[in-house]
Amino acid sequence: MHSKIKELLQFGTVDTPVEIKGWIRTKRINKQVVFLTINDGSCQQNIQVVMAPSELPKELLSQLMTGASVVVSGRLVASQGSKQAVELYGNHLTLLGNAPDYPLQPKAHSLEFLRTCMHLRFRTNTFGAVFRIRHAISYAIHHFFHERGFCYLHTPIITAADAEGAGELFRVTSLDIPPKNPDGTIDFSGDFFHKSTNLTVSGQLAAEAAAMGLGAVYTFGPAFRAENSNTTRHLAEFWMVEPEVAFNNLDDNIALAEALLKFLLDYVLKKCPEELDFLHQRLLSHTNAQDETGTMPLLERLQFVLEQPFARITYTEAIALLMDAPPNKQGRFVYPVTGWGMDLQSEHERYLVEHHFKRPVVVTDYPKAIKAFYMRQNDDGKTVAAMDVLFPGVGEIIGGSQREERIEYLQAAMQHNQIEDLNWYLDTRRFGTIPHSGFGLGLDRFVLFVTGMENIRDVIPFPRTPGHVAC
Ligand code: 4AD
Ligand code: MG
């Protein structure tokens, strides 16, 4: 039985016989000794293998190269020079697969280059760290909700509903070319579901129905949006966590969001210290520790967000603040802040977080005209009980609201937004309606924040963006 490198580096006993399996990261050879560093993905560190060249057939020696896969057995010994406590004195090596012309060399490649061979980037230090952190966060999400009595709900991927009412849908059909009705609309009667269907943009509406019986639920799955946003913050296929809680109001919702984000941060800081340390050092070597935006080094930034209470501001206050802000007055915003009613752009969100409050900000009570139909209307008749959580470097990381539980308001909003075909959803308000709230956390954007990566394409294994679907 072979051992995981992580276990050997943490708990390995010197002088015991061991076997490892992994990929060669680097090779150094001289007359007396062959040094190989091997990684098997179990942790950030490589193990160093030391062997005498005489123990390796000549033709094998030339095939030991970066990217090749090997099995090495030998004896664990206390390390002499290296940073690690132990290394492996190998006495037998089997080559599983060689790697001629392997595109990744033992040097730092640019992230842009690695995006041209995404299927290989799992084998780099940076992406090993990112994906182990992404895993840890995903696991901690389930832990957080499970401990609080939430039920994990699997909401449909194929749906007939447009939860956000924004119409950025990927159509699902089994027809080559759906025929048209005489009036020019598409005739779906011969299609698989006999109606128009799409990939889900959010599990929320289904989660609301479930919360009406189960009390507190959460979804955690992929969402699909055909928005043509070619930015470093948007994916066409992204992962979202959506809790929905019966009897919660907006304050409860904000408290739940803050508790979740801090729990996840605390969890990764405790469970992934080596990955975070690697990414921290990587960022330090790529940027000045204090750039012009006053960005903190990664570990300080995570600790800081963990410790600070989130700031809270209404949309109306935020607009007033932004109108008066120096970059607005000096014309430095790409989208000038002109007045109440406009949507906040990423640059405005980041100004609030990074320059004004210098910590995460929850913006509440947006104009109803720029938010989804299901949000609860406030008494002023103009705003809704919405909440967006804004994070440094990323902007909006969570969007949510208290839901409109009064059927007549909901129906009016649906009519206004031309939302049809949701009779089942109205039943949640017809039968035993209650105040309730929920939100959606963009997993990829949260991983972006935690890892300090700059492009959302670098925190998901195989990103889908406009014009790009490799693999
Ligand atoms: O604000 P959004 O659109 O909210 C909803 O979908 C609600 N149904 C959630 C709810 O109340 N249950 O999206 C929620 C979050 C955003 O704050 C963002 O983090 C992420 O999902 N998100 C995206 N992430 C990557 N790429 C995209 N195209 C994204 N669109 C939204
Ligand atoms: Mg949003």
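Numbering of ligands and ligand atoms starts at 1, following listing order.
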Any side-chain heavy atom of His109 within less than 4.5 Å of one from Leu104? yes
Can you check whether Leu214 reaches Cys151 side chain to side chain, under 4.5 Å on heavy atoms? yes
Ion pair check, Arg115 and Asp458, cut-off under 4.0 Å: yes
Less than 4.0 Å from some atom of ligand 1, heavy atoms are found in residues Glu164, Ser202, Gln204, Arg225, Glu227, Arg233, His234, Leu235, Phe238, Met240, Glu242, Tyr374, Glu396, Ile397, Ile398, Gly399, Gly400, Arg403, Gly438, Phe439, Gly440, Gly442, Arg445, Ile456
Cation-pi between Lys195 and Phe188: NZ/CZ under 6.0 Å from ring centre and within 45° of the ring axis? no
In total, how many protein N/O/S atoms does one find closer than 2.8 Å to the Mg ion (ligand 2)? 1
Out of the candidates Arg350, His356, Lys358, only one should pair with Glu354 under the side-chain hydrogen bond (donor to acceptor under 3.5 Å, both in side chains) rule; please name it. Arg350
Check each of Tyr267, Tyr218, Phe263, Phe150 against His142 using the ring pair (Phe, Tyr, Trp, His ring centres under 6.0 Å) test, and report the only one that passes. Tyr218
So which of Arg430, Arg376, Arg429 actually passes salt bridge (charged side-chain N to carboxylate O under 4.0 Å, His left out) with Glu405? Arg376
Which atom names give the shortest non-hydrogen contact between Ala99 and Gly67, and what distance separates them? CB-C, 3.6 Å
State, with a plain yes or no, whether a side-chain heavy atom of His416 is found less than 4.5 Å away from one of Lys368. no
